[in-house]
There are 2 protein chains.
Amino acid sequence: MSIAEAASAKRSRIQQKNRGAILEAALEVFSVHGFRGSTIDQIAERAGMSKPNLLYYFPSKEAIYVSVLERTLAEWLAPLEALDPAGDPLEEIGRYVAAKLRMAHRKPEASRLFANEILSGAPAIAGFLTGPLKSLVDEKAAVLRGWMDAGALTPIDPHHLIFMIWAVTQHYADFDIQVRAVLGHPAGDDRRFADAGRTVAAVLFEGLRPRP
Amino acid sequence: MSIAEAASAKRSRIQQKNRGAILEAALEVFSVHGFRGSTIDQIAERAGMSKPNLLYYFPSKEAIYVSVLERTLAEWLAPLEALDPAGDPLEEIGRYVAAKLRMAHRKPEASRLFANEILSGAPAIAGFLTGPLKSLVDEKAAVLRGWMDAGALTPIDPHHLIFMIWAVTQHYADFDIQVRAVLGHPAGDDRRFADAGRTVAAVLFEGLRPRP
DNA sequence: GCCAAACTTGACTGGCTGGTCAAAATGCAG
DNA sequence: CTGCATTTTGACCAGCCAGTCAAGTTTGGC
């Protein structure tokens, strides 16, 4: 019903504020424990409200989960969408890697939410993976392939190149605890992101084989 | 008590078989849902026994979890331990990447168990990360550094090179569903692992910049 | 074949969790 | 200030879950 939709789309200040607080709290909780391991009480407490009140804004735990996933997926794809066929190949790839690494640094919860969802079998986003995500990746893989055909990039499998970039950048969000533990970096020390950026760029652009 | 330990170490055929079945089932369940999201009933059913019987072999859910984690961590480190300072650098790294990719293919549950544990804050293996894991990585990073100093490898941060290799190889275990969805590969099709191996090797050894 | 030890299980408990409901508190237009 | 709609919450329920227990069945040494 269009009237009902219009009414629900226009939300009061209180609705706006509380729905935002809930989604923010839900991201923090779901990203650590996954869907099954999280409880509505945890989310309610982090959002600073009672459980029944939270359920006044969202009909169920699953509805919260889907909402926060959707909100996250959109911003997750933005950097890849920005890959410009008209740009310089190495420059574009470098920009993409840097953007993903920046996201891993600034909003690791988003990456972890996604990782948890995939690890548990992607029950909520199977259609997204085979639909919009596959389409976007296929499109950008074609762009990479074009650059390779033009001799501007080493010819390799473009899909797997994208996977490599995802893997390396998201690793610094998803496995941050391990990275910090192995490096021996204390909590406030953020050097690892800059170091990672330099290392990844060096390997991608030049490889490990030394040049004379 | 040494007598008690000796007695418990020597296990009957039934103990051997059932403990093995439990650990195997626990790996399958924990690797998908994480610790909090898994139930003893799920594990018992997969292991083909009743819940009380399972609790006859392990005192608690946490004890099962720790056991299966420990068993997994050991085999997880083996390939890195095998990195030989006396070998040819590029050959050794290639062997390591291939070994990790083979593990991602043949036993993805192990990688996923580990990923779930890290994502949820590594409550059970914090000491392992800062202890044995850090020591091993530091040792092998020194080996890499030695090769770089000798001019046999492009000089980059060796710790982050190891992270890159972990990230790229484990991605094909942890995110397999996403990889398959994006590639459009059906269930029985295992091409992606060979393709990944070629692509990763090409990038690591030669980089993306084309050579004349 | 006997019997004690090892193994197995149905029935149960107490605490937690997703979700409901009715009543109370608050916000707000006139 | 009044009256209605929105928001908030304490109390509650049904189902699930880790773990217990007492009573049963099987195994294996003799």
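We use all heavy atoms of the structure for the numbers below, so side chains are in, but hydrogens, waters and symmetry mates are not. A note on names: the letters A, B, ... follow the listed sequences, proteins ahead of strands, and every chain is numbered from 1.
Taking side-chain N and O atoms only, A:Gln15 has a distance below 4.0 Å to OP1 or OP2 of D:dT7.
The nearest pair of heavy atoms linking B:Trp147 to B:Pro85 is NE1-O, 3.3 Å. Contact record, B:Pro79 with B:Ala99: CB-CB, 4.2 Å, taken as the closest heavy-atom pair. Taking all atoms of both residues into account, the shortest heavy-atom contact from B:Ser38 to B:His33 is OG-CB, 3.5 Å. Residues B:Ser111 and B:Asp174 share a closest heavy-atom pair of OG-OD1, 2.6 Å. Nearest heavy atom pair, residue B:His159 against residue A:Val182, reads CD2-CG1, 4.2 Å. Residue B:Leu69 comes nearest to B:Ala124 through the heavy atom pair CD1-CB, 4.0 Å, listed as atom of the first residue, atom of the second, then distance.
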Listing, residues 162-171 of chain B side-chain donor-acceptor contacts under 3.5 Å, not counting sequence neighbours, or none:
{"from": "B:Trp166", "atom 1": "NE1", "to": "B:Tyr96", "atom 2": "OH", "distance (Å)": "2.8"}
{"from": "B:Thr169", "atom 1": "OG1", "to": "B:Ile165", "atom 2": "O", "distance (Å)": "2.8"}
{"from": "B:Thr169", "atom 1": "OG1", "to": "B:Trp166", "atom 2": "O", "distance (Å)": "3.2"}

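With B:Phe193 as the aromatic partner, B:Arg102 does not meet the cation-pi criteria of under 6.0 angstrom to the ring centre and within 45 degrees of the ring axis.
Using a cutoff of 4.0 Å between basic side-chain nitrogens and carboxylate oxygens, A:Arg95 and A:Glu92 are scored as salt-bridged.
Each end of the helix from C:dG1-D:dC30 to C:dG30-D:dC1 gets its own rotation axis from five pairs of C1' atoms, and the angle between them is 20° to the nearest 10 degrees.
Where DNA chain C meets chain B (any atom under 4.0 Å from a heavy atom), the bounding nucleotides read 5' to 3' are C:dA6 to C:dT17.
Taking the six-membered ring where tryptophan is involved, the planes of B:Phe35 and B:Tyr65 are tilted, since the angle between them lies from 30° to 60°.
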At a cut-off of 3.5 Å, list every protein nitrogen or oxygen paired with a nitrogen or oxygen from nucleotides 25-30 of chain D, distance to 0.1 Å.
{"from": "D:dG28", "atom 1": "OP1", "to": "B:Arg13", "atom 2": "NH2", "distance (Å)": "3.1"}

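Taking a 4.0 Å limit (strictly below) on heavy-atom distances, residues 40-66 of chain B reaches DNA chain D at B:Ile40, B:Lys51, B:Pro52, B:Leu55, B:Ser60, B:Lys61. DNA chain C lies under 4.0 Å from at least one heavy atom of each of the following residues of residues 31-38 of chain A: A:Ser38.
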